[in-house]
There are 2 protein chains.
Amino acid sequence: MQDGNDKKDGTEAVKGTQTLMRALDIMDEVIDGPIRAADLARKLGMSKTTAHRLVQALKSRNYLSVTRDGFALGPKLLQLGVLATEQIDYVRVARPFMELLSDRTGFCVFVGKREGDWSRHLDRVTGTQRLRVATAPGDRRPVAETGLGKALLLDEDEASWERLYGEAKDGKVTPAQIQAYVVEMRGHKARGEVLHDSELGDGVRSIAVPIRDAKGQICIAISIASAAHYLTDDLRDGLAEQVMRSAEQISAAVGYAGPR
Amino acid sequence: MQDGNDKKDGTEAVKGTQTLMRALDIMDEVIDGPIRAADLARKLGMSKTTAHRLVQALKSRNYLSVTRDGFALGPKLLQLGVLATEQIDYVRVARPFMELLSDRTGFCVFVGKREGDWSRHLDRVTGTQRLRVATAPGDRRPVAETGLGKALLLDEDEASWERLYGEAKDGKVTPAQIQAYVVEMRGHKARGEVLHDSELGDGVRSIAVPIRDAKGQICIAISIASAAHYLTDDLRDGLAEQVMRSAEQISAAVGYAGPR
DNA sequence: CGGGGCGTTCCATATAGAGGAAAGCGTATC
DNA sequence: GATACGCTTTCCTCTATATGGAACGCCCCG
């Protein structure tokens, strides 16, 4: 967080663009629902004249539309939204955050997406630790039995968890095992984070968190992984916190605006 | 087409917003895919400095993102796109165009959307003619057997046409009838317009055309309707032309950007 | 090494945009 | 029906703002 180009606070960033910035401020206000020009002027501390001029300009370009109770988001945004969806590359967006997370924690970092009943590894950043987890981009595993996969499932209902777990185990599961799995998933869901110990007996442990797109849907997931030996219980909370923060940042970067 | 707020040509509209307009021009260029700042300056006839400043400003607000080969649409647009989708009210957008169409043709104008295997009438404008078609907003009919419904089906495959037609007729159809229906629908699809004579024996005839959203999908349909007595064969082409033009305008107004 | 492309910074200038004032309009209030 | 309020819209003046030229650092290519 020591680099200076944060824009958390909001307003000052590039100088020499007052008009543009004010117009974009207007867009931000309109996000919260239709609003009248006079209210915009008040809220944003500009004259009615200015608000009016900007609003008219945005309307003329279809960024805003006029409704009975003020200005609302316009049709141009529908078009841009669809095109942006096509242009955005989740992996590329996630990359810098993965590197940051790896730098801070030292662990390997992975991202993956769901493909039907499978989880596909899309990218990884090898950490600084000697021990590396071997899973390579492109690998596919049953979605119910990896940390990344379980994070991708957090929005599913319990029936799906049961089905996918059963299928991952090829049907060789007892009702008690299924029940235990569901209980475990409930816990993950409640915390918004998955702690997973590999069932392959290789002692690999991972912490995975889902990433949400602009629609609020889980689109990919991020995880850190290492030997359980390194990823110890007392480190767990701190690390989980960091992974979740990274996930939140990536979610924001792909357009997620928080639960609404 | 005599109203003056067209913006086909492009640039001049509201004065006193050069900066904003230039920034939006940049957005329009970026729509066509990633582009570098220097190219933007050339294409839009501004100095590199200006292009740079605007692009940085847009990036700082996440309207643009940086990629290997230039600037691309940013994540903010994903968010705005989703929200705009929620805020948009197709009926309200369509209303003025419906009134215009009714004024010009004198016929009743309807819009409706698909609900599963049904077609739901959403709004209507009563024309100037004495004869009025009684279908009221809220009415629901099998999607395969109304003009509006058939327009909503133009993107479906032939298997769906067969199924829906069969279900609308409650299974009481001969293979020959089904075949005739499919052939008829093929014709409608090719022309992008549906001419429909009511099967209720009330002599009602309609011309319906689909309206597309930003994703290119058919979201609603518009139709004009009257007694076959008024909506005669020699009027048909001219009227169909007008309905299609209205549909195109509404499509554009809800974000449709043409086939891509 | 030198040339051409790009992104970025600096600065003096003109001009674009801010905001006050006031005119239309529609809707509430009495 | 008269008066008042709030919103939109237009006009106009002045200066803060955005502009573009010049110049720098960087990378790639020949």
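Letters A, B, ... are given to chains in the order of the sequence lines, protein chains preceding strands, and every chain is numbered from 1.
Per the geometry, CG belonging to B/L20 stands 9 Å off P belonging to C/dG17, to the nearest Å. Between the CG atom of A/L54 and the P atom of D/dA18 there is a distance of 11 Å, given to the nearest Å. Regarding B/I26, its CD1 atom lies at a distance of 14 Å from the P atom of D/dA18, rounded to whole Å. The interatomic distance linking A/Q56 (CD) with D/dC7 (C1') rounds to 13 Å, in whole Å. The distance from atom CD1 of A/I35 to atom P of D/dG6 is 17 Å, rounded to the nearest whole Å. Remark: C1' of C/dG7 and CG of B/D69 are 16 Å apart, rounded to the nearest angstrom. Between the CE atom of A/M21 and the C1' atom of D/dA16 there is a distance of 17 Å, given to the nearest Å. If you measure from atom CZ of A/R36 to atom C1' of D/dT9, you get 15 Å, rounded to the nearest angstrom.
One donor-acceptor pair, N or O on each side, does fall under 3.5 Å between the base of C/dG20 and the side chain of A/T49. Put simply, the side chain of B/T19 and the base of C/dG17 share no donor and acceptor less than 3.5 Å apart.
Electrostatic pairing of B/K76 and A/D28 counts as a salt bridge here, judged by a charged N lying under 4.0 Å from a carboxylate O. Classification of A/D25 and A/K43 as a salt-bridged pair fails, no side-chain N sitting under 4.0 Å from a carboxylate O. B/D123 has no carboxylate O lying under 4.0 Å from a charged side-chain N of B/R92, or vice versa, which leaves the two without a salt bridge.
Between A/R42 and D/dG6, a side-chain N or O to OP1/OP2 separation shorter than 4.0 Å is absent. Between B/S47 and the phosphate of D/dG21, there is no side-chain N or O to OP1/OP2 separation shorter than 4.0 Å. Considering only side-chain N and O atoms, A/R53 lies under 4.0 angstrom from the phosphate OP1 or OP2 of C/dA18.
The B/D39 side chain lies nearest to C/dC6 when the options are C/dC6, D/dT8, C/dG19. Which of C/dG19, D/dC7, C/dT8 sits closest to the side chain of A/R22 comes down to C/dG19. Proximity note for A/H52 (side chain, C-beta onward) versus D/dT8, C/dG7, C/dG19: the nearest is D/dT8. Listed candidates were C/dG7, D/dT17, D/dG20. Nearest to the side chain of A/Q18 is D/dT17.
Mapping B/M46 and A/K48 onto DNA chain D by nearest heavy atom places A/K48 closer to the 5' end of the strand.
Closest non-hydrogen pair, A/C219 versus A/Y90, comes out as SG-CE2, 3.8 Å.
Evaluated for a side chain to side chain contact (heavy atoms under 4.5 Å, CB included) with A/R95, the options A/V111, A/D89, A/V125 yield exactly one hit, A/V125.
Across all strands shown, B/R68 has no heavy atoms under 4.0 Å from either base or sugar-phosphate atoms.
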